[in-house]
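Take a look at the structure below.
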Amino acid sequence: MTSSMSRLPTLSESDADLCEATFADGEHIHVRMPSGAVKVLPMWTKGSVLMTDPEIPQKEYPIVGAMINNDLRGLNEAIDTNVLSLRPVYLNTAEGMSIYRRSLSFVLAMAASRLFKDRRLVVGHSLGNGYYYHFEFEDDGTRLCEEEVRQLTDTMAAIVREGHPIERRYVSWAEAVEHFRRNKNEQTMLLVRHHNEPRIMVVMCDGYIDLYHGPHLHNTNLLERFELRYYAPGFLLRFPHTASPREMPPFLDNPALFPVYQEYKRWGKILKVNCVGDVNELIERGEIANFIHIADSLHDKKTCDIAQRIVDRPGCKLVLIAGPSSSGKTTFSRKLAIQLRVLGKIPSCLTMDDYYLPRALTPVDEHGNKDYEAVEAIDLHRLGEDLVKLFAGERIFLPKYDFRDGVRLQGAPLKLDANGILIMEGIHAINDRITSMIAPENKFKIFISALTQLNLDDHNRIPTTDNRLIRRICRDNTTRGYSAQTTLERWPLVRAGEEKHIFPFQSSADVVFNSALDYELCVLRVLAEPLLATVKPDSSVFHEARRLLGFLKNFDVCPPKNVPRASLLREFIGDSQFKVLQTVFASTLNKISLAQPQLTRTVVWIYFRHSVQNM
């Protein structure tokens, strides 16, 4: 048996010597520079000082952070341990631009507090290479105007010119709660109240204080490029692309997604759940179970509405469901199939994932990495042949892809009924290249993604990409046997593929379905935390694991047993009873249609849910 000690990472002899020297000294740290040279610096040296060393390469774009021992740090942070690995973080990198966006959002909140002391600024979703914001007004008819957006722009520009240092520091838990309560930051106060650490980290600049959620720039004068754009009823805070941080990209609107976000925001207001603190309160009061059923029922209602639109389209024979990774395409397709059955159709489901080429034939990207997100990773010839045969009334045998071994096996037979509809889901499904042999009037396109309306607090949003990444970490471990480290290592490639192959087609969808559930991160935390904890500091993705662990600590824990077994979330946490539910539903539908055919589909659905809950 291998001892636990033998599995520990070992330091090189030179690194071990550095540690011993520091233990003996206690007043200095040893820093191994990128060149390999070792420098001795005073304990608590700030990153901003370290990055001015002549041995640190200065490039076209400024250094905005540092990767210290595989941990992402702001330059305003003091260093109190030996630095065995050091990498400067430049502005034109993913990590650098995340620091830039976070700092820009902080300065906007700071400007709004100077300019509109009695107004509540609230961040929303991402849009047009930026974030959507609005002010929560009293019901007095007041609305934001373009002139006020210009005033905000001028105030932000002044803060940037003034060059204020941005600092982080700890305050006691009681001080943090009192500060945010006194300044009417109720959502932030709720978030802090559910923390149990004796001290809370905050970020400070020129007297303005907000909760710390990650590294910031060390000075406001580095925020050279931004744009505030009026977008009724709010405005957009726009920032540059990562690759071109000194240029503002042209604005590209996405009118299909904005109404979906707004609808869910309105729904959140009705239920009085708009931030994580509200969900934590429900858990604390023992009221989360009812909220879970309401959230899942909203999914059911939306699915029901989409099914009706499909049936109302004459000649529709093919439903295409596309969306980015971990958006819930598979479960949604099966729930949609149930609703179509209620409306008299005979649906069949096909998943494009089963048409992946064997792993040995997967194409590679420009860096030599296997590109699973590329259209060419799909066996387009086999898929096209199968679609033609299905719509010609022939029977096919579906493939079944084994993700563990990267091979394709033979699956179940499939033949479409005369009154049938084929539901095909996959990341590329609404790309017309895939289904060019099918006439447009015979297709209905659905784009699905986890577009959470929930915020951490008024000034800090929950990125939809983080929501999906945590889903994927849980699902990959449960169904594919991947570690959290493997999923994190692959995620940048997945995201690059989404931007290239998926999001450009979302505007062609007939409808957008929001698969986010406001309670889900409280459940996912239970599964994701121990998986993320296996990523150790010697890993290149440790900083991402640590960031996600810190993010999840904002959520109180909700046991997975509270999640209905027919919920879309079960696709990621396991123990889905969906196949069983389909059988129960078909049986229930047959009973009702024979005994009381005059019942409406709404009553049928209520009856079905009651049967499932009591089976």
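Under the 3.5 Å distance criterion, the side-chain polar atoms of Asn219 are matched with a main-chain donor or acceptor of Gly163. Between the His299 side chain and the Ala516 main chain, a donor and an acceptor come within less than 3.5 Å of each other. Looking at Thr155, its side chain does come within 3.5 Å of a backbone N or O of Gln151 through a donor-acceptor pair. Judged by distance alone, the side chain of Glu77 and the main-chain N or O of Gly74 form a donor-acceptor pair under 3.5 Å. With hydrogens and angles ignored, the 3.5 Å screen pairs no side-chain donor or acceptor of Lys329 with any backbone N or O of Ile427.
The distance from the CD1 atom of Ile462 to the CG atom of Leu451 is 13.0 Å, given to the nearest 0.5 Å. Rounded to the nearest 0.5 Å, atoms CG (Leu191) and CG (Asp278) are 10.5 Å apart. Atom OH of Tyr90 is separated from atom CD of Gln58 by 6.0 Å, given to the nearest 0.5 angstrom. A distance of 11.0 Å separates CG in Leu456 from CG in Asp458, rounded to the nearest 0.5 Å.
Here the closest non-hydrogen pair linking Lys269 and Asn274 is N-ND2, 3.5 Å. The shortest non-hydrogen separation linking Gly96 to Val89 is N-CG1, 3.5 Å. In this structure, Leu521 and Phe551 approach most closely via the heavy-atom pair CD1-CZ, 4.0 Å. Nearest approach of Val49 to Thr52, heavy atoms of both residues: O-OG1, 2.6 Å.
A salt bridge links Arg229 with Glu227: the closest approach of a Lys/Arg side-chain nitrogen to an acidic carboxylate oxygen falls below 4.0 angstrom. The residues Arg193 and Glu186 are annotated as not salt-bridged, no charged nitrogen and carboxylate oxygen being separated by less than 4.0 angstrom. Look at Glu520 and Arg471 and you find a salt bridge, because one of the NZ, NE, NH1 or NH2 atoms lies within 4.0 Å of a carboxylate O, short of that distance. Of the charged side-chain nitrogens involved, at least one lies within less than 4.0 Å of a carboxylate oxygen, so that Glu498 and Arg495 count as a salt-bridged pair. Salt-bridge check for Glu162 with Arg114: passed, with a basic side-chain N closer than 4.0 Å to an acidic carboxylate O. Of the charged side-chain nitrogens involved, none lies within less than 4.0 Å of a carboxylate oxygen, so that Glu148 and Arg143 do not count as a salt-bridged pair. We find that Glu376 and Arg433 are joined by a salt bridge, their nearest charged nitrogen and carboxylate oxygen being less than 4.0 Å apart. Salt bridge status for Asp476 with Arg490: absent, with no side-chain N to carboxylate O gap under 4.0 Å.
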Derivation and outcome, side chain to side chain contact (heavy atoms under 4.5 Å, CB included), residues Asn129 and Leu236: CA-CA 9 Å; Asn129 213 62; Leu236 301 175; over 6 Å; no

Verdict with supporting geometry, Phe258 and Tyr231, ring pair (Phe, Tyr, Trp, His ring centres under 6.0 Å): CA-CA 11 Å; Phe258 188 74; Tyr231 194 94; 5.1 Å; yes

Stepwise side chain to side chain contact (heavy atoms under 4.5 Å, CB included) test for Asn254 and Leu257: CA-CA 6 Å; Asn254 195 334; Leu257 289 184; 3.4 Å; yes

Side chain to side chain contact (heavy atoms under 4.5 Å, CB included) evaluation trace for Val83 with Leu41: CA-CA 10 Å; Val83 178; Leu41 298 174; over 6 Å; no

Ring pair (Phe, Tyr, Trp, His ring centres under 6.0 Å) between Phe116 and Phe135, intermediate numbers included: CA-CA 10 Å; Phe116 308 116; Phe135 284 102; 5.4 Å; yes

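Contacts classified as side-chain hydrogen bond (donor to acceptor under 3.5 Å, both in side chains) and involving residues 501-510 (residues at least two apart or in different chains) are given here: Arg313-Asp510.
The 12-atom threshold is exceeded at CG of Asp80, counting heavy atoms of other residues, nucleotides or ligands nearer than 6.0 Å. A 6.0 Å sphere centred on CZ of Arg199 holds no more than 12 heavy atoms belonging to other residues, nucleotides or ligands.
Within the cation-pi definition used here (under 6.0 Å to the ring centroid, within 45° of the axis), Arg525 does not qualify as a partner of Phe555. Figure legend: cation-pi geometry between Arg168 and Tyr212, with NZ or CZ positioned under 6.0 Å from the six-membered ring centre and within 45° of its axis. With Tyr100 as the aromatic partner, Arg225 does not meet the cation-pi criteria of under 6.0 angstrom to the ring centre and within 45 degrees of the ring axis.
With a 4.5 Å cut-off on side-chain heavy atoms, Thr452 and Arg461 do not count as touching.
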